[in-house]
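The structure displayed is predicted, hence computed values, not measured ones. When reading the values below, keep in mind they use all heavy atoms of this one structure, side chains included, and skip hydrogens, waters and symmetry mates. A, B, ... follow the sequence lines: proteins, then strands. Residue 1 opens every chain.
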Amino acid sequence: MHLFLLIGLLAFSILAILSRDLLKSAISLAVASIFLALVFFRMNAVYAGVFELSVVAGLITVLFITAITLTRGDGDVAESRGHRIVFPLFFLALAVVDLLVMKKLLGQIPAIQGSESGTFSQVLWNQRTFDLVGQVGAISAGVLAVLALFRRDDRHGNAASDGGDTGGRHE
Amino acid sequence: MLFLFIIVPLVLAGLLPLLGKVSKRLLPDLLASAAMLFLLVLAVFSARPLIADGGIIQQAFWFGAPLNIRLLLDGFSLFMLFTISLVSFAVTIYSINYMEHYGAKANYYALLLAMIAGMNGLVLSGDLFTLYVFLEVAAIASYALVAFGRGHDELEASFKYLMLSAVASAFVLLSIAVIFGVTGGVSFGAVAQGLKTLNIKYVVGFCSGLFLAGFGLKAALVPFHSWLPDAHPSAPAPISAMLSGVLIKVSGVYAMTRIFLGVFGLTPALTTVLTVMGIVSIFVGALAALGQNDIKRMLAYSSISQIGYVVLAFGIGTPLGILAGLFHLFNHALFKSLLFLNAGAVEQSTGTRSLDKMGGLAKVMPLTAVTSAIGSLAIAGVPPLNGFWSKLLIIIALVQAKMHVLAALAVLGSVITLWYYLVLQHQAFFGKLNEAWQGVKEAPFWMSAATVLLALLCIVTGLAFPFVIQSWLQPAADVLGKGVGVALNFIGF
């Protein structure tokens with residue numbers, strides 16, 4: 001069973017990289033992530049499995065597909081025309097899966113948590129506090145990066161279209 | 001108190017985009033420079049007495065309440081904190097004038113501060129996983145800073161850097177996972193203890209290989225260097241100075257050295273790999289720099305070459321080798337930042353980075369020419385400047401370790417360095433002034449102040465090198481010289 005899951009994980013990961021269509025690529029990544037989540041569950045890493053399934057397979061895929069949908073067809077990347085149908089369908093499918101599976105999966109958490117007397121939160125909040133500060137830093141850096149790179153030019157001149165072989169920007 | 005090194009830049013980074021709405025220039029300039037000065041003063045006056053009796057572990061507090069955060073400070077981490085703070089301060093005051101034409105200063109300073117918080121966190125962590133988390137903080141901020149200009153070249157360089165850096169992070173994380181699997185811990189002390197009791201040299205070898213590739217990519221050692229010649233020149237000049245001057249050293253060399261020397265213990269195999277990678281980097285970087293026409297690209301290749309010297313020196317593993325490596329690391333932070341800042345001043349005044357188009361700029365930019373000459377001579381190892389002493393120590397350490405061929409090659413590498421820096425100086429500043437630059441003016445006040453500060457430090461560090469070694473380098477070298485003994489003292493950390 002493990003072998004089957006790992007082959008599935010590998011196959012869909014490769015498909016995600018090789019696919020020329022961004023949408024197919026994002027979906028392949030989500031499927032690969034589901035395989036990985038199943039591996040986590042089978043190895044009793046329930047928290048890792050839940051996060052993998054809900055965040056990586058779910059949330060991030062939705063974000064990817066939203067971003068692809070918002071992208072206009074004027075770029076170099078070939079886009080599937082069916083994204084308007086595929087996106088809501090995928091979203092719906094994800095919601096159904098969430099409803100059917102996630103409740104059961106999440107239901108498993110207290111059982112394990114009980115046996116380990118709240119280890120997860122204890123580890124996260126008490127033992128790895130320094131890492132939490134680092135994670136806050138990493139997320140802040142990401143947000144600041146978005147703010148900086150998608151800024152509106154508040155100067156005369158157009159930095160966005162500036163470039164050239166020397167990158168010079170003489171005023 | 002040590003927590004301030006992380007929390008001050010991090011909190012300010014969060015506030016700056018908001019404060020930038022109130023004041024676009026003055027407040028961001030003032031706050032960022034004040035924060036950097038504060039961190040520099042903190043490193044010099046408050047943190048230094050703490051290591052009087054060796055390394056310490058300090059608990060962090062937040063408004064009087066103790067947090068479950070323990071920060072590790074010893075001679076090596078303090079030395080790195082000082083280097084980061086010093087270069088950051090120079091870069092920040094330089095940015096006051098330089099970043100005017102980019103706009104969005106508040107966002108720029110916020111990213112710079114986030115990068116500094118990441119580097120400080122990395123240096124103060126006594127745990128492999130925390131080190132990794134802060135490595136990512138600094139890396140994420142640096143991707144955005146490379147792409148800050150948002151031109152085609154910047155975005156392409158940033159993407160390349162992001163991709164290769166992500167691979168590096170994956171290697172590092174995988175290695176940490178394997179170490180956690182076999183030792184059951186991630187703190188330096190627990191890992192050092194675990195590896196000491198377990199006889200698993202093949203696993204250690206595998207993890208060392210992953211760390212070497214991961215941190216080698218971050219440090220841009222050959223053959224993992226391909227991202228650097230794109231990323232460093234594409235960034236705004238102060239960021240190039242930060243990346244080449246500090247970031248590759250903190251996220252590459254510091255992390256690698258801390259783990260290899262302080263946690264794993266240096267083995268003969270690692271010595272061989274590090275010295276070979278060091279010497280290959282020296283030559284690949286130097287020969288590639290020789291053929292460059294873009295001033296910043298030449299400096300970027302030169303960084304690969306000089307990082308080669310640092311890694312070569314650490315690879316020797318003898319007390320003198322370690323001391324020499326640290327000294328060259330510090331010196332390179334000073335003169336490479338200086339040279340990138342000078343290149344930025346020239347680029348801003350002339351609008352080009354092409355050496356062919358420059359010429360005679362010393363007549364119109366005398367201060368920049370003088371500071372650039374000091375930086376060039378220092379990096380080439382001309383006495384009595386700082387680069388001479390560190391390279392001399394590296395060569396003596398190689399001779400002492402009976403690595404005569406490597407010593408000869410190191411001298412040859414230094415000669416090539418002198419060659420391409422003379423080419424740079426000659427093409428940019430000497431000769432007949434290109435008519436197009438008749439109207440060019442000297443760099444503005446704060447830009448000049450930053451370059452003069454760094455140039456003076458190059459001279460002072462050269463002239464007063466026994467004092468610098470005694471006060472800053474020896475405590476750091478002692479920590480590394482003790483090998484895993486230091487980590488074992490912090491078991492239970």
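Only the side chain of B/Ile6 comes within contact range of chain A, judged by heavy atoms closer than 4.5 Å. Looking at A/Val143, neither its backbone nor its side chain comes within 4.5 Å of chain B, counting heavy atoms on both sides. Using a 4.5 Å cut-off between heavy atoms, B/Ala117 does not touch chain A at all. Both the backbone and the side chain of B/Ala144 come within less than 4.5 Å of a heavy atom in chain A. Residue contact with chain A, scored on non-hydrogen atoms closer than 4.5 Å, involves the side chain of B/Phe134 exclusively.
Of the inter-residue distances, the one linking B/Tyr108 atom OH with A/Arg151 atom CZ reads 11.5 Å to the nearest 0.5 angstrom. Between A/Leu149 atom CG and B/Leu155 atom CG the span is 7.5 Å, to the nearest 0.5 Å. The distance from the CG atom of B/Leu16 to the CG atom of A/Leu147 is 11.5 Å, given to the nearest 0.5 Å. Atom OG1 of A/Thr129 is separated from atom CZ of B/Arg70 by 8.5 Å, given to the nearest 0.5 angstrom.
Taking all atoms of both residues into account, the shortest heavy-atom contact from B/Val137 to A/Ala141 is O-CB, 4.0 Å.
Around the CE atom of B/Met163, the shell of radius 6.0 Å holds more than 12 heavy atoms that belong to other residues, nucleotides or ligands.
Under the 4.5 Å side-chain criterion, counting only non-hydrogen atoms from C-beta, A/Leu144 is not in contact with B/Leu113. Using a 4.5 Å cut-off on side-chain heavy atoms (C-beta onward), A/Arg128 and B/Val186 make contact.
Taking the six-membered ring where tryptophan is involved, the planes of A/Phe130 and B/Phe3 are perpendicular, since the angle between them exceeds 60° and thus also 30°.
Most heavy-atom pairs under 4.5 Å with chain A: of the set B/Leu10, B/Ile7, B/Asn107, B/Ile295, this distinction falls to B/Asn107.
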